[in-house]
Protein chains: 2
Amino acid sequence: MSHDATNAPAAIDGDTARLVAETMQALATPSRVLILGHLRTSPLTVGDLARAVEMDPSAVSHQLRVLRHLGLVVAERTGRTAIYSLHDEHVAELVDQAVHHITHRRLGLGSHAS
Amino acid sequence: MSHDATNAPAAIDGDTARLVAETMQALATPSRVLILGHLRTSPLTVGDLARAVEMDPSAVSHQLRVLRHLGLVVAERTGRTAIYSLHDEHVAELVDQAVHHITHRRLGLGSHAS
DNA sequence: TGCACATATGAACGTCTATTCATCATTTCG
DNA sequence: CGAAATGATGAATAGACGTTCATATGTGCA
């Protein structure tokens, strides 16, 4: 997902498609996008996230489990609380680029491809 | 989704999250990833795609409708056939980056974030 | 030590969705 | 002109899934 992803790939194989879909699934519901977007700005507890995205803490916790299992977020237990962060810079970039894509689509900046 | 998506955004608002999720949905199932992946390499007819991704033509056609409505692909009618292409370079980049992300995850290249 | 707090997890349920099967519309060709 | 080819669309259905409610677990504190 960096600027050197410019060599047109061979058509995607089934396994890759599955993996891509699995990960993109994380960004396919507004609730998870919101969660990842907030974690993009700083590490947060479940409670912080629930308040920030205005969701039930249980719903947030469920979604965080999905994200954890996908390897997109990590939790650091601190006493009663768990501090969640994005797993790494790649995830951060994934979120940024998803948002950026929407922004550029809005601006109508496009040229024909394929 | 280019390399200047480096300014950490404010936390995402609900509308943006909805739009992001809507678009990412296109990449959230293997069948659509495969279709987009093939269209990444060249324009193709529905029949070509069906054979390439080993899906029923009707299933492909349905998915193409989803992708059309999301503005990710365009169809050019030529007699009996319709030639499908990715809508623009942004979509191509979206596909590339989704694949690239998986590739880099596989390689275990990551650093902590957030 | 018992209660409060934070979070994880499971079950239930309503909603969503991808594929299949059927049907239709348009174009091409023998 | 009728049949074949191509692709769009609708309905049905099985499976997936996000949220709610309930319960469990671990930590902190008076």
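Letters go in sequence order (proteins before strands), and every chain restarts at 1. Quick caveat, the model's predicted, so the values are computed rather than measured.
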Exercise for the section: Compare every heavy atom of B:A98 with every heavy atom of A:M24, then report the nearest pair and how far apart it is. Expected result: CE-CB, 3.9 Å
Problem - Option passing side chain to side chain contact (heavy atoms under 4.5 Å, CB included) with B:V33 (candidates B:L27, B:V99, B:V95) - result: B:L27
Tabulate protein N/O versus nucleotide N/O from nucleotides 24-30 of chain C, keeping only pairs under 3.5 Å, one per line.
{"from": "C:dT28", "atom 1": "O4'", "to": "B:R80", "atom 2": "NE", "distance (Å)": "3.3"}

Problem - Same cluster (ILVMFWY, side-chain, under 4.5 Å), B:L70 and B:L64 - result: yes
Exercise for the section: Answer yes or no: does a side-chain N or O of A:Y84 lie under 4.0 Å from OP1 or OP2 of C:dA6? Expected result: no
Completion exercise
5'-most to 3'-most nt of DNA chain D touching chain A (<4.0 Å, heavy-atom partner on protein side) reads D:dC17 to D:dG28
Handout entry: Pairs touching residues 41-63 of chain B that satisfy salt bridge (Lys or Arg N to Asp or Glu O under 4.0 Å), sequence neighbours left out
Key = B:D48-B:R51
Exercise for the section: Return each pair, listed once, that meets side chain to side chain donor-acceptor pair (under 3.5 Å) where at least one residue sits in residues 70-82 of chain A; pairs must be two or more places apart or across chains. Expected result: none
Exercise for the section: Applying salt bridge (Lys or Arg N to Asp or Glu O under 4.0 Å), name anything that partners A:R68, two or more places apart in sequence or on another chain. Expected result: none
Practice task
List the atom of A:S85, the atom of A:P43, and the distance in Å for their closest heavy-atom pair.
Solution key: OG-CB, 3.7 Å
Exercise for the section: Determine whether B:V20 and B:I12 make a side-chain contact, defined as any pair of heavy atoms from C-beta on separated by less than 4.5 Å. Expected result: no
Handout entry: Residues in contact with DNA chain C, drawn from residues 64-73 of chain A - heavy-atom cutoff 4.0 Å
Key = A:R65, A:R68
Exercise for the section: Determine whether A:Q25 and A:E22 make a side-chain contact, defined as any pair of heavy atoms from C-beta on separated by less than 4.5 Å. Expected result: no
Problem - Side chain to side chain, A:Y84 and A:V46, heavy atoms closer than 4.5 Å - result: yes
Exercise for the section: May I ask you to test the A:L49-A:L39 pair for a side-chain heavy-atom distance under 4.5 Å? Expected result: yes
Exercise for the section: Give one of base, sugar-phosphate or nothing for B:A59, where a contact means two heavy atoms less than 4.0 Å apart. Expected result: base
Problem - A:A50: side-chain contact (heavy atoms from CB on, under 4.5 Å) partners, not counting sequence neighbours - result: A:P57, A:V60
Practice task
Identify whether A:V66 and A:L72 are in the same connected component of the hydrophobic contact network (ILVMFWY, side-chain heavy atoms under 4.5 Å).
Solution key: yes
Problem - base_contact_polar (C:dT20 base, B:H62 side chain, donor-acceptor, <3.5 Å) - result: yes
Problem - Position toward the 5' end of DNA chain D (nearest nucleotide), B:T81 or A:Q63 - result: B:T81
Handout entry: With B:A52 via side-chain contact (heavy atoms from CB on, under 4.5 Å) - residues at least two apart
Key = B:H38
Problem - Any donor-acceptor pair under 3.5 Å from A:R32 side chain to A:A26 backbone - result: yes
Exercise for the section: Under 4.0 Å from any atom of DNA chain C, heavy atoms only: list the residues of residues 25-35 of chain A that qualify, in numerical order. Expected result: none
Practice task
For B:S31, enumerate each residue passing the side-chain contact (heavy atoms from CB on, under 4.5 Å) test, keeping only those at least two apart in sequence or located in another chain.
Solution key: B:T29, B:M55, B:Q63
Exercise for the section: Check whether any side-chain heavy atom of B:L67 lies under 4.5 Å from a side-chain heavy atom of B:L36, and answer yes or no. Expected result: yes
Exercise for the section: Give a yes/no on whether any side-chain N or O of A:S61 is located under 4.0 angstrom from OP1 or OP2 of C:dA8. Expected result: yes
Exercise for the section: Return the residues of residues 50-58 of chain A meeting this criterion: a heavy atom under 4.0 Å from some atom of DNA chain D. Order them by number, or give none. Expected result: A:M55, A:D56, A:S58
Handout entry: Helical bend (five base pairs per end, nearest 10°) for the helix from C:dT1-D:dA30 to C:dG30-D:dC1
Key = 10°
Practice task
Would you mind reporting whether B:L94 and B:T23 have side-chain heavy atoms less than 4.5 Å apart?
Solution key: yes
